[in-house]
Engineer: 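Okay, handing you the structure first.
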Amino acid sequence: MPDKPHILIVEDEPEISRFLEASLTGLDYRVDVARSGLDALKISTAHPPDVLVLDLGLPDMDGKEVIRRMREWSRMPIIVLSARDQEAEKVEALETGADDYLTKPFGIQELVARIKVALRHHSRREQMLENVYNHKDLSLDLSRRKASMKGTEIRLTPTEYDLLSLLARKAGQVVTHSEMLRDVWGRNSEENDHYLRIYIQRLRQKLGDNPLNPTYIFTEPGIGYRLVEDK
Ligand code: CA
């Protein structure tokens with residue numbers, strides 16, 4: 001039987017951390033709690049968790065500083081917890097190296113879903129198995145640069161393909177606007193938000209995806225886009 005996944009919760013509000021600890025322990029995770037940034041750094045150095053769940057508003061340091069220091073030595077998945085209406089802060093956290101975020105208040109199911117995505121991504125990244133994406137009618141073969149719907153290849157321009165494959169490599173996780181612009185159009189393109197809107201619109205048309213009720217590509221307002229997780 002595999003070891004229970006080890007989650008470190010970094011949260012200074014006792015009610016929230018107690019609730020998360022009890023819920024996750026009940027779901028068979030091994031849970032540690034840190035109440036400050038320094039605690040978080042100490043505990044994760046001594047016992048590196050499989051996933052770090054990090055509140056951005058901590059008493060002793062900014063949560064983004066915790067991310068920055070972690071990323072000096074570790075690629076462990078980091079999911080940040082942030083208040084509503086803090087889009088700029090979420091974007092900064094993602095750009096600093098967080099893998100995903102949840103907006104407070106959130107349900108425990110939502111958190112568990114994100115933890116599972118993070119664990120899967122991490123192990124895939126280690127094993128280099130992330131070469132195929134399948135969800136409903138859409139399949140991507142990332143090693144052959146092919147996309148198809150219901151088995152029929154769809155014609156994508158190289159840029160459209162690059163965008164879709166970036167989203168697929170991070171399926172289930174949010175990808176920020178500037179990460180997409182950098183990755184697909186190169187550095188110095190980060191101001192060109194309008195490219196993204198145009199290309200996402202074209203992709204959605206080719207996938208037959210309705211932005212108001214999406215099957216594949218979800219908009220994270222003010223932050224980026226998320227391709228639904230494959231199975
Ligand atoms: Ca807090």
Side-chain angles (χ1 to χ4, degrees), residues 3-122 125 170 172-179 218-226 229:
D3 287 346
K4 297 177 181 182
H6 176 202
I7 315 291
L8 175 60
I9 296 166
V10 190
E11 169 64 82
D12 58 313
E13 286 163 64
E15 262 179 49
I16 300 182
S17 60
R18 267 200 299 271
F19 166 71
L20 293 179
E21 183 178 16
S23 310
L24 291 175
T25 305
L27 291 166
D28 226 21
Y29 291 96
R30 191 155 62 81
V31 180
D32 272 329
V33 175
R35 303 201 186 287
S36 68
L38 272 183
D39 260 8
L41 292 167
K42 260 188 244 164
I43 296 176
S44 25
T45 315
H47 308 283
D50 296 308
V51 177
L52 184 72
V53 176
L54 174 70
D55 179 33
L56 287 178
L58 296 170
D60 59 335
M61 67 172 82
D62 191 312
K64 294 190 290 293
E65 179 63 16
V66 177
I67 301 172
R68 205 183 55 70
R69 295 206 203 167
M70 292 292 189
R71 283 294 175 252
E72 289 171 0
W73 63 276
S74 168
R75 295 180 67 180
M76 73 178 67
I78 301 177
I79 300 171
V80 299
L81 308 178
S82 169
R84 205 173 280 288
D85 303 327
Q86 299 282 326
E87 267 64 32
E89 185 183 62
K90 290 172 203 163
V91 169
E92 261 188 82
L94 293 164
E95 297 286 314
T96 309
D99 295 277
D100 210 345
Y101 71 91
L102 274 176
T103 302
K104 289 181 178 181
F106 54 85
I108 192 72
Q109 302 298 346
E110 233 180 317
L111 175 61
V112 168
R114 295 296 164 79
I115 288 174
K116 287 184 174 162
V117 170
L119 287 168
R120 258 199 298 278
H121 271 268
H122 192 64
R125 198 157 61 196
K170 297 191 78 174
Q173 294 179 317
V174 66
V175 186
T176 64
H177 295 141
S178 53
E179 184 177 355
F218 286 73
T219 303
E220 301 280 336
I223 295 177
Y225 297 92
R226 184 193 300 272
E229 192 200 356

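Every number for a ligand or one of its atoms is a count from 1 in the order of the listing.
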Engineer: With the threshold set at 4.0 Å, does a side-chain nitrogen-carboxylate oxygen contact exist between K90 and E220?
Structural biologist: no

Engineer: Do NZ/NE/NH1/NH2 and the carboxylate oxygens of E229 and K116 come within less than 4.0 Å?
Structural biologist: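 No, E229 and K116 are not salt-bridged.
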
Engineer: Output, by chain and residue number, all protein N/O/S atoms separated from the Ca ion (ligand 1) by less than 3.0 Å.
Structural biologist: D12 OD1, D55 OD2, G57 O

Engineer: May I ask you to check whether R35 and S17 show a side-chain donor-acceptor distance below 3.5 Å?
Structural biologist: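 S17 and R35 do have a side-chain donor-acceptor pair below 3.5 Å.
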
Engineer: For a quick test of your reading: what N or O donor-acceptor pairs under 3.5 Å do the side chains of residues 54-66 make, sequence neighbours left out?
Structural biologist:
residue, atom, partner, partner atom, Å
D55, OD1, K104, NZ, 3.2
D60, OD1, G37, N, 2.8
D60, OD2, G37, N, 3.3
D60, OD2, L38, N, 3.0
D62, OD1, K64, N, 2.8
D62, OD1, K64, NZ, 3.4
D62, OD2, K64, NZ, 3.2
E65, OE1, R68, NE, 3.3
E65, OE2, R68, NH2, 2.8
E65, OE2, R69, NE, 3.0

Engineer: Should we count CD of E72 as having more than 12 external heavy atoms under 6.0 Å?
Structural biologist: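 Counting other residues, nucleotides and ligands, CD of E72 exceeds 12 neighbours.
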
Engineer: Would you check, one step at a time, whether the test salt bridge (Lys or Arg N to Asp or Glu O under 4.0 Å) holds for D100 with R226?
Structural biologist: CA-CA 10 Å; D100 210 345; R226 184 193 300 272; 3.2 Å; yes

